[in-house]
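Lettering of chains follows the sequences in order, A, B, ..., and the numbering in each one begins at 1. A quick note: this is a predicted structure, and the numbers were derived from the prediction, not measured.
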There are 4 protein chains.
Amino acid sequence: MSDGRSGRRQRRKEERPGEILEAAFEEFALNGFAATRLDDVAARAGITKGTIYVYFPSKEELFIATFKEMVRPMMEHIRALTAAPEGSALEILRTHFRFVYDRMVADRRGRELLRMLMAEAGRFPGLADRWHDEVIGPAIETMRAVVRYGVARGEFRPTVAEVFPHLLFSPVLTASTWCSLFGDAHPLDLAGYYEAHLEMLARALCAEA
Amino acid sequence: MSDGRSGRRQRRKEERPGEILEAAFEEFALNGFAATRLDDVAARAGITKGTIYVYFPSKEELFIATFKEMVRPMMEHIRALTAAPEGSALEILRTHFRFVYDRMVADRRGRELLRMLMAEAGRFPGLADRWHDEVIGPAIETMRAVVRYGVARGEFRPTVAEVFPHLLFSPVLTASTWCSLFGDAHPLDLAGYYEAHLEMLARALCAEA
Amino acid sequence: MSDGRSGRRQRRKEERPGEILEAAFEEFALNGFAATRLDDVAARAGITKGTIYVYFPSKEELFIATFKEMVRPMMEHIRALTAAPEGSALEILRTHFRFVYDRMVADRRGRELLRMLMAEAGRFPGLADRWHDEVIGPAIETMRAVVRYGVARGEFRPTVAEVFPHLLFSPVLTASTWCSLFGDAHPLDLAGYYEAHLEMLARALCAEA
Amino acid sequence: MSDGRSGRRQRRKEERPGEILEAAFEEFALNGFAATRLDDVAARAGITKGTIYVYFPSKEELFIATFKEMVRPMMEHIRALTAAPEGSALEILRTHFRFVYDRMVADRRGRELLRMLMAEAGRFPGLADRWHDEVIGPAIETMRAVVRYGVARGEFRPTVAEVFPHLLFSPVLTASTWCSLFGDAHPLDLAGYYEAHLEMLARALCAEA
DNA sequence: CATGAATGAGGTTTCATTCAT
DNA sequence: GATGAATGAAACCTCATTCAT
């Protein structure tokens, strides 16, 4: 389009890796690691197979890099969340889950990332470790902190949610999985689901009904 | 050739398919569909590769048969559950989830089945359909019926759980996934988790705290 | 030819490895390890590429197996030679060299083996070790023993040949190399060369000229 | 662009081909032609792959040029040797072999050159031709002349060495090959070997023992 | 002149599938 | 029915070569 594209070969050292990771993610999400052909990744990225190897030493490394790349934004959100809480604890949870539903349930790519994680964790143990250490572990801890904060300010009752914050989060995973697996044939009313999730949460946690 | 061996061979012949499905499940669960070698399935079943083709026309059909085979017991349990409820609704849920935790969370094979479903649903849409129609759909409906039954008998308050029984079930999926992915490095106290799950359930559903 | 060849696929588990090694040797000798294509080996053996992998796990292993296979007959000759000497020492040398010229100089395959050894020893250190331990080392020792035997019986003078029997052997390597490299354009009169070699030997070793 | 750098660049430009040949020789000697990567040659020469193509049109041409470059000094020595002999014929041989041992046996690069020649002669027939015409052929002829000169002056007896001067030279090839293949594990006492070689030579050639 | 990103042909290796026994 | 040798279509990966800068 611009004059930069003067020939068949473009100098795009800066952009290439990102483009490849983008294409790789789509293919890996679609087919899984083993069934993905680097030819297809290349075609999707508008390059040839060989070029992938200029930037990534092997299919495995490409996969790991792809996963890291997609995990990063999640990680950054989680990190941002660890700030000292203020105001209504329920409101904090509501805001947090708003983001989580947008990123991991409504967004196809977020869902695919989760699915990819579950599908490939067996062959790439590093994936699960990374996900735990950088996303789900911190997220659990943050939720625990919010619950405690809510209890401390009298907004929440003391509950087992302090021990297993997983319970608060679990509807998200279910929704994400549902949309991935059955979304086409049996769509889920996400807006309603989200509200129902939060209502259950309030009922389970809040000091008075 | 001699009739002495034909009896044993006959017996063997009837057991073969089941043995193959058993071996196939382990391998598929371990490696995923694409990365599983029929050689390994055969080795695990104590036969040779060619024999698989006596009973199954292709790797894909073997996979589908494997999945069907493993889904059957789940399906049967769910079907048994649709009987008319009686007694405490919460107790019914407790009993139901007891079974579900045993089969889908504590049991490695149940967890693997779930993981396999999520991993391969993209390439085998029939898997998701079957799972929905025969397991998760009926399970959801059954839970909805139990919730309504509880509301009808004054044990439960009317809640969104009637619209989204998924919410009640979701901790199970989270636990199963957690154990599959992080179980080794970060084990989950399953007994405690189960109790916490049911306590949250009671608090969210029951008429009085 | 015989009725054994009833279809496209022949059961030749016993013969296959040998046939493959045979074909592999020709190709490796012709092109060297790196430049040899398994396709060509397969074609020469009258099979397809995949079949090679039924018997050999990798190109490297095939190469090593090929070398071992070709070295074996040499090794056996050398081993047979270590018997206690009797009669004329010069005659023993003459007989020994007769065999060596036949096998390592006149025979194209023997020459190729030597050339292969020299060409690939860098990448396959095991080759040189094996050659030294099983062929050239024992050969040197045997010649040393013959020289000593000749000295002991008064047939030979005491010479440095006892310390460096390599000197006695070296014309063989030169002839083999010469035929490999220049044989077509500048053929060597092998019969004459052989006689000249032995004459020099006699003159250098024998007690009286 | 600025004249300040052009001087250095200019100087570099003239040295480049030699540096590349130097690097290429090391890599070719190490890995053989087929297994050598131009990337590695470039890295060793401190340049990039593309630059090689500024000076050499292809990998094959680079290889041939490398060989020519390394053969040149040998060739020049041989040419210098063809001067009319004077003094002791044995002394001439002794001096000649002194040089040859230094260059083709003791010097790693000389040994590698020989090895490279033997390894690649099959794919590059020009190599063998060149080596024969410019090195080994003249060397043989020179030695023949020296032998005849020795016979003419009564220092040597008439022997088959006049017909096959190869015999006189052959210990050199053996030593070179030995050091290349077995040097690390089974070192050769080169000084002793050289003396033994010359002693055998004297005994085989000289008029009186 | 020198670079190095990009190419793509070609190599090794894998493995589902076939079929003669 | 059971076997397992053989197949051959891909797949991953390498690297000589090109060419815009």
Side-chain angles (χ1 to χ4, degrees), chain A residues 4-16 34-42 46-60 62, chain B residues 1 5-6 9-10 12-13 16 34-42 47-60 62, chain C residues 4-16 34-42 46-60 62, chain D residues 1 5-6 9-10 12-13 16 34-42 47-60 62:
Chain A
R5 228 184 95 272
S6 64
R8 194 179 41 168
R9 288 169 204 208
Q10 302 147 49
R11 291 278 193 93
R12 292 202 284 173
K13 197 190 173 185
E14 321 287 87
E15 302 160 29
R16 279 275 185 265
T36 290
R37 290 182 300 253
L38 290 188
D39 263 320
D40 291 347
V41 172
I47 55 176
T48 63
K49 210 170 18 176
T51 305
I52 295 175
Y53 285 87
V54 174
Y55 298 97
F56 303 95
S58 73
K59 191 186 179 186
E60 292 211 356
L62 174 62
Chain B
M1 301 255 169
R5 277 166 56 248
S6 72
R9 182 178 272 218
Q10 199 58 33
R12 217 61 205 287
K13 180 174 139 192
R16 279 266 192 276
T36 289
R37 290 184 297 254
L38 290 189
D39 266 317
D40 291 347
V41 173
I47 56 174
T48 63
K49 202 163 35 166
T51 306
I52 294 175
Y53 283 85
V54 174
Y55 298 98
F56 303 95
S58 74
K59 191 187 179 187
E60 294 211 354
L62 173 63
Chain C
R5 227 186 93 273
S6 65
R8 194 179 41 170
R9 288 166 204 209
Q10 302 149 50
R11 290 279 192 91
R12 291 202 283 174
K13 197 189 172 183
E14 322 288 86
E15 303 161 29
R16 279 276 185 263
T36 290
R37 288 181 302 249
L38 291 187
D39 263 321
D40 291 347
V41 172
I47 55 176
T48 61
K49 213 170 12 175
T51 305
I52 295 175
Y53 284 87
V54 174
Y55 298 96
F56 303 95
S58 72
K59 190 185 179 186
E60 291 209 357
L62 173 62
Chain D
M1 300 253 171
R5 277 164 59 248
S6 72
R9 182 177 274 216
Q10 201 56 33
R12 215 63 203 283
K13 181 175 137 189
R16 279 268 192 274
T36 289
R37 289 184 297 255
L38 291 189
D39 265 317
D40 291 348
V41 173
I47 56 175
T48 62
K49 202 165 34 167
T51 306
I52 294 175
Y53 284 86
V54 175
Y55 298 98
F56 303 95
S58 73
K59 191 186 178 187
E60 294 211 355
L62 173 62

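Remark: Y53(C) pairs with L38(C) by the side-chain contact (heavy atoms from CB on, under 4.5 Å) rule, at least two apart or across chains. Residues that satisfy the salt bridge (charged side-chain N to carboxylate O under 4.0 Å, His left out) test with K49(B), not counting sequence neighbours, are D39(B). Among residues two or more places apart in sequence or in another chain, the side-chain contact (heavy atoms from CB on, under 4.5 Å) test is passed with T48(A) by T51(A).
Residue A34(B) comes nearest to A34(A) through the heavy atom pair CB-CB, 3.6 Å, listed as atom of the first residue, atom of the second, then distance. Summarising the geometry of K59(A) relative to T36(A), their closest heavy-atom pair is NZ-O, 2.9 Å, with the distance given to 0.1 Å.
Checked against dA16(F), dT7(E), dG4(E), the side chain of I47(A) finds its nearest nucleotide in dT7(E). In this structure, of dA6(E), dT17(E), dG1(F), it is dA6(E) that holds the atom nearest to the side chain of T51(A). When each of dT3(E), dC12(F), dT18(E) is scored by its nearest atom to the side-chain atoms of V54(D), the top-ranked nucleotide is dT3(E). Counting only heavy atoms from C-beta on, Y53(A) has its side chain closest to dC13(F) among dC13(F), dA6(F), dA16(E).
The nearest whole Å value for the distance from the CZ atom in F56(C) to the C1' atom in dT14(E) is 18 Å. Atom-to-atom, CD1 of I52(C) to P of dT12(E) comes out at 9 Å; the value is rounded to the nearest Å. Between the P atom of dA11(F) and the CG atom of L38(A) lies a distance of 10 Å, rounded to the nearest Å.
At the heavy-atom level, Y55(A) lies under 4.0 Å from the strands shown only through sugar-phosphate atoms.
Donor-acceptor pairing under 3.5 Å, judged by distance alone, is present between the side chain of K49(B) and the base of dT17(E). At a cut-off of 3.5 angstrom, the base of dT17(F) holds no donor-acceptor pair with the side chain of K59(D).
Two residues, G50(C) and D39(D), neighbour DNA chain F, and the one matched to the more 5' nucleotide by heavy-atom proximity is G50(C). Each of T36(C) and E60(B) was matched to the nucleotide of DNA chain E holding its nearest heavy atom; the match closer to the 5' end belongs to T36(C). Residue order along DNA chain E, read from the 5' end via each residue's closest nucleotide, puts T48(D) first among T48(D) and S58(B).
Axis angle between the ends of the helix from dA2(E)-dT21(F) to dT21(E)-dA2(F), five pairs each and rounded to 10 degrees, works out to 10°.
Neither OP1 nor OP2 of dT14(E) sits under 4.0 Å from any side-chain N or O of R37(B).
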